[in-house]
Amino acid sequence: MLNPALMRLHPLGPPSPTLFQRLWPERVPAATTAALVGGLVTAIVAAASVPLDRPGLGWPIAGLVMLVSLGVVLWTGGIGRVEATAWCVAALALLSVGAFRAAGWLFFLCLMAAFGCVALAVGRGRRVPALLMAVLNVPLAGFRSLPWVSAGLSRLKGRGNNSVLRLAASAGLGVLLLVVFGALFASADVAFERIVDQVLPELSAATVARWIFVGTVSAWLLFGAAYLVDSPSSVGDQEPGAPRTVRRVEWLVPVGALLLMFVAFVAVQLTVLYGDREYVMETVGLTFAEYARKGFWQLLVVTLLTLVVMAVTVRKAPRVTVADRVLLRVVLGLLAACTLVIVGSAVKRMDVYEEAYGYTRLRVFVTAFELWLGALFVLVMIGGLARRARWLPRVAVALWVVTLLGLAGLNPDRFIAAGNVERVTANNADVWYLSTLSADAVPELQKLPPGARECALSEISRDLYYDRDDWRGWNLAREHARDVAPRPVDYGDYPCYRRY
C-alpha cells in the first residue's frame, strides 16, 4: 500500500527513479560498525604517518591500515573476496615502492595505480566503461557516504552502543596525555628530547593543517570505498544494445586495406632492423640512430590507433554466421600479429636511440609502456579466440601493475645513471641531467670522473644532508645515498650548467 503522505505530495504516484538511481541505488541505509571504526583508525594513522612531500615508509603504513580496514568491510560484505583481496595486495605492493625507491615520478605513477587497484577492488564492473567509472566512483561515493556515515552513527546511539564515539574519545584523550607528559619528559631530559624530536614532527599551523587534510582525505576514500561495497554501482557496466552492424564487405575493405599496409611496413621493418642495415641506411641517407629516433613516436601512435580500429571493428562487424566470426578473427588476428612486430620495431628503435644518445626517464618509461602494449595485444589475440572476453580489461590493468612493479625493481634512476656514466665527456650537459636524478642514482654517480662527480652529486647531496627524514619519510634509497655521500659535495670550479 502506498504511503498517503507520499500520495499527497505526488497525486500521480511516486516519481520514477532516474537512470543514475537505477544504476547506483542505495541498498544499505547506514554504515556498519566495521566501516565506521575503519574510517576513524585510517584517518588517525594516515594523518600521523603520511609524508606528502616525498616517498617514504609512512605511505605503506597508512596504506596497510586503510586496506586492512577495507578488507574487513569486503569480507563481511561478501564482494568477490579473493579477487578484491588480490587488488588490495597489489595496491599495498605499489605503495611499498615509496619505502625503497626515492624517484618521485615513479612513486607518483605507483600511487595512481594503487588508487586504481582500490577502485577495482570495490567495483564489480567488467567492461571498459565500468573500469573507467570505477576510478570516479570512489570520490563520488565519498559524497554519497556522508548521510550513510551519519545514519550509522545515529544507529549506534539509538542502540545505546556508542563504542565508536567512546573509541574516538579514548584516542583523543590518549593523544592529549602523550602530548602533555611527553613535553614534560622532554624538558626534563636531553636524551629523551632527541628521541621525541625524531618521532614527533615540529608542531606548527602547517603541521596541523596537514594532519587535518590527510586525515580527511583518507577517511573520505575509505568511506567512499566502503559505501561502494554496500551499495555497488553498475554505471558503465550495463550490457550495450544490439550494435548496428555493417555488411561484411563494408568493414573488410578498409580493415583489409589497412592490413595490407601493415604487412608492407612489417616487411620493411624486418629488413631494416633485423636485416641489411647498411644498404637501407645508404638508401635513406640517415645514420641508424637518426633513423630509429625519427619513427619511434609515430609507431607508438600507430599502436594505440590500432587498438581503436580493432575495437570499432569488433563492434560493427556482423557475427551472425560461422563464416563471419572466422573471418573477423583471422583478419584482426593478423592485424594484431603485425602490430606486435611494430611494437618490437618501436622497442628496437628506442634501444638503438638510447645506445646513441643515452638514457632518460622518458625513454625508459615509454619503453616499458610499449612493452605493456605488446603484452596487451597478446591478450587481445587470446581474447579473440574466446567467445567472451569480459576478463580482458581487468587483466590488462593487472598487467600494468606488474609493469610498474617491474619498473620499480629495475630502479630506473640508477639504471639511467649507470647507462650514462661512461658517456660523460667534455660536454657536461649530460652531467647536468644526471644531477637532476633522485637519490636512487647516487651509487652510480659516485663512479663519475672527478669534477663531473661533484657536479652531479652537489644538489642531491645537499638535499640529503639538510632535508633529513623522520620515521614517516624513511626511505632505503635515501639512507643508502647518505652513506655514499654523507656531507654536501661542492662542485668547485667545474662548469655545471644549472637551470635558474
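This structure is a prediction, so every number in the text was calculated from the model and none was measured. Only this structure's heavy atoms are used, side chains among them; waters, hydrogens and symmetry mates stay out.
- When side chains are defined from C-beta on, Thr360 counts as touching Arg363, because their heavy atoms get closer than 4.5 Å.
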| Can Thr85 and Trp75 be said to form a side chain to side chain donor-acceptor pair (under 3.5 Å), step by step? | CA-CA 9 Å; Thr85 302; Trp75 279 79; 3.0 Å; yes
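- Salt-bridge annotation for Arg54 and Asp467: present, with a side-chain N of the basic residue lying under 4.0 Å from a carboxylate O of the acidic one.
- Here the shortest heavy-atom pairing between Ala477 and Asn475 reads N-OD1, 3.0 Å.
- Scanning all heavy atoms of the two residues, the minimum distance from Val50 to Gly58 falls at CG2-O, 4.2 Å.
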| For Phe107 and Leu94, what are the C-alpha separation, side-chain angles and deciding distance, and is it a side chain to side chain contact (heavy atoms under 4.5 Å, CB included)? | CA-CA 8 Å; Phe107 180 67; Leu94 289 165; over 6 Å; no
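- For the atom pair OG of Ser231 and CG of Asn137, the computed distance is 12.0 Å after rounding to the nearest 0.5 Å.
- Residues Trp471 and Ser49 form a side-chain contact, since some pair of their non-hydrogen atoms from C-beta on lies under 4.5 Å apart.
- Of the possible donor and acceptor atoms, one in the side chain of Thr403 sits under 3.5 Å from a partner among the backbone N and O of Leu399.
- With Ser218 contributing its side chain and Ala46 its backbone, the two residues share no donor-acceptor pair below 3.5 Å.
- Looking only at side-chain heavy atoms (C-beta outward), Leu132 and Leu136 stay at 4.5 Å or farther from each other.
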| field | Stepwise side chain to side chain contact (heavy atoms under 4.5 Å, CB included) check, Leu405 with Val97 | value | CA-CA 8 Å; Leu405 292 177; Val97 172; 4.2 Å; yes
| query | Yes or no on salt bridge (Lys or Arg N to Asp or Glu O under 4.0 Å) for Arg482 and Asp469, after CA distance, side-chain angles and deciding distance? | reply | CA-CA 11 Å; Arg482 289 189 179 97; Asp469 299 321; 3.1 Å; yes
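- In this structure a side-chain-to-backbone donor-acceptor pair under 3.5 Å is present from Asp470 to Gly473.
- In this structure the side chain of Leu373 reaches within 4.5 angstrom of the side chain of Leu304, judged on heavy atoms.
- Here Trp105 and Phe108 keep their ring centres 6.0 angstrom or further from each other.
- Asp413 contributes a side-chain N or O that, together with a main-chain N or O of Ser438, makes up a donor-acceptor pair within less than 3.5 Å.
- With rounding to the nearest 0.5 angstrom, the CG atom of Leu434 is 8.5 Å from the CD1 atom of Ile460.
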| request: Could you check Trp220 against Ser145 for side chain to side chain contact (heavy atoms under 4.5 Å, CB included), going step by step and ending with a plain yes or no? | output: CA-CA 8 Å; Trp220 183 275; Ser145 70; over 6 Å; no
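- Side-chain atoms of Thr42 do not come within 3.5 Å of backbone N or O of Gly39 as any donor-acceptor pair.
- Across all non-hydrogen atoms, the minimal contact from Ser96 to Phe100 is O-CD1, 3.1 Å.
- Counting only distance, with no hydrogens or angles, the side chain of Arg472 and the backbone of Ala48 share a donor-acceptor pair below 3.5 Å.
- A heavy-atom distance below 4.5 Å is not found between the side chains of Phe223 and Val73.
- Not a single donor-acceptor pair under 3.5 Å links the side chain of Arg462 to the backbone N or O of Arg487.
- With contacts defined as side-chain heavy-atom distances shorter than 4.5 Å, the pair Val118/Cys88 does not qualify.
- Arg210 has its side chain within reach of Leu52: a pair of non-hydrogen atoms, C-beta onward, lies under 4.5 Å apart.
- The nearest pair of heavy atoms linking Ala121 to Leu74 is O-CD2, 3.9 Å.
- Of the listed residues (Leu376, Leu340, Ile342), just one forms a side-chain contact (heavy atoms from CB on, under 4.5 Å) with Thr303, and that residue is Ile342.
- Of the inter-residue distances, the one linking Tyr359 atom OH with Met350 atom CE reads 11.0 Å to the nearest 0.5 angstrom.
- The line from SG of Cys117 to CG of Leu95 is 9.0 Å long, rounded to the nearest 0.5 Å.
- We find that Lys447 and Glu444 are joined by a salt bridge, their nearest charged nitrogen and carboxylate oxygen being less than 4.0 Å apart.
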| said: As a quick check of understanding, evaluate side chain to side chain contact (heavy atoms under 4.5 Å, CB included) for Phe365 and Arg361, giving each step before the final call. | reply: CA-CA 6 Å; Phe365 172 72; Arg361 288 169 170 172; over 6 Å; no
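- In terms of modelled atom types and a separation under 3.5 Å, the side chain of Glu454 and the main chain of Gly451 share a donor-acceptor contact.
- Minimum interatomic distance between Val122 and Leu228 (heavy atoms only, all atoms of both residues): CG2-CD1, 3.8 Å.
- The structure places CH2 of Trp372 at 9.5 Å from CG of Leu379, a figure rounded to the nearest 0.5 Å.
- Side-chain contact between Leu64 and Pro60 is absent, with no heavy atoms from C-beta onward closer than 4.5 Å.
- The line from OH of Tyr227 to CH2 of Trp148 is 8.5 Å long, rounded to the nearest 0.5 Å.
- Nearest approach of Ala439 to Arg478, heavy atoms of both residues: CB-CG, 3.9 Å.
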